[in-house]
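Quick notes on the structure that follows.
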Amino acid sequence: MITKLDSMLLPRKKFIYHYKNVRWARGRHETYLCFVVKRRVGPDTLTFDFGHLRNRSGCHVELLFLRYLGALCPGLWGYGAAGEKRLSYSVTWFCSWSPCVNCSIQLCQFLNNTPNLRLRIFVSRLYFCDLEDSLEREGLRMLTKAGVRISVMSYKDYFYCWQKFVDCKKSNFKAWEELHQNSVRLTRKLNRILQAWDLEDLRDALKLLGF
DNA sequence: ATTTTCAAT
Ligand SMILES: [Zn+2]
């Protein structure tokens, strides 16, 4: 089990402030990304590194992560001149916001060129996804088509992040009011964006049809 | 609250 120095971990208050899945997350002006990098060797995965990043000077945190990725994943681009023998990695990230359309496009391009990298995304809140025809919604669909699984964080994900990325001083994660309701609401919204049938939607549809 | 959203000073 890899562990980090306390200084490398997120302070508790900071984690709660930025990851709280409230409907109106005003005035934060920052986005955090907690990541786990695993090496894939056949059917097995080995945790290779983990940590967190924050957006810097006009650069969204997702693109900052892509810049770091070469250093995080030795051999991702292969060893020899022809770039053969690429090593396989899986990355899971937990971001306080879902990606904007620009980041989604760049991520899709990156993943297209890097089939030996698998990406799994959890988000706390949906970024600019209110309008039916928002580009951000389209970006999330593009990512899904590129093979990225995107989910809204639920209690178990906050619980995991708390013990993995936060300087929690052995304290247990304590859910805020509305964590569950907000997570369910956002999950339904994401499901609708990704055009998946949601159980509640199905119930509504059946009721409408008189069943 | 008809609230905001990876700042701009
Ligand atoms: Zn972005």
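Keep in mind it's a predicted model, so treat the numbers as computed, not measured. Below, chain A is the first sequence line, B the second, and so on; all start at residue 1.
Annotation: A/Arg39, atom CZ; neighbour count of heavy atoms from other residues, nucleotides and ligands within 6.0 Å is above 12.
Residues passing the ring-ring contact (aromatic ring centres under 6.0 Å, His included) test with A/Tyr17: none are found, sequence neighbours excluded. Remark: A/Arg26 pairs with no residue by the side-chain contact (heavy atoms from CB on, under 4.5 Å) rule, at least two apart or across chains. Residues passing the side-chain contact (heavy atoms from CB on, under 4.5 Å) test with A/Val101, sequence neighbours excluded: A/Ile105, A/Leu135, A/Glu136. Not counting sequence neighbours, the partners of A/His18 by the ring-ring contact (aromatic ring centres under 6.0 Å, His included) test are A/Tyr32. Residues passing the ring-ring contact (aromatic ring centres under 6.0 Å, His included) test with A/Phe173, sequence neighbours excluded: A/Tyr155, A/Trp162, A/Trp176.
DNA chain B lies under 4.0 Å from no heavy atom of any residue of residues 143-154 of chain A. Contacts between residues 117-133 of chain A and DNA chain B, counted as heavy-atom distances below 4.0 Å, involve A/Leu126, A/Tyr127, A/Phe128, A/Asp130. Near DNA chain B, meaning a heavy atom under 4.0 Å from it, residues 61-70 of chain A has A/Val61, A/Glu62 in order of number.
A/Ser57 comes within 4.0 angstrom of nothing in the nucleic acid, heavy atoms only. A/Arg23 comes within contact range of at least one nucleobase, with a heavy-atom separation under 4.0 Å.
To the nearest 0.5 Å, atom NZ of residue A/Lys13 and atom CG of residue A/Asp167 are 13.5 Å apart. We find the NE2-CG distance between A/His60 and A/Leu53 to be 14.0 Å, quoted to the nearest 0.5 Å.
The side-chain hydrogen bond (donor to acceptor under 3.5 Å, both in side chains) contacts involving residues 88-100 of chain A comprise A/Arg40-A/Ser90, where partners must be two or more places apart or lie in separate chains. Among residue pairs with one or both ends in residues 174-185 of chain A, none qualify as salt bridge (charged side-chain N to carboxylate O under 4.0 Å, His left out); sequence neighbours excluded. Pairs of residues two or more places apart, or lying in two chains, that qualify as salt bridge (charged side-chain N to carboxylate O under 4.0 Å, His left out) and include a residue from residues 125-134 of chain A are A/Asp130-A/Lys189, A/Glu132-A/Arg137.
Following chains of ILVMFWY side-chain contacts shorter than 4.5 Å, one can reach A/Phe159 starting from A/Phe122, so the two form part of one hydrophobic cluster.
Shown here for A/Asn113 and A/Arg86, the closest heavy-atom pair between the two residues is O-NH1, 3.2 Å.
In the 5' to 3' direction, nucleotides of DNA chain B lying under 4.0 Å from heavy atoms of chain A begin and end at B/dT3 to B/dA7.
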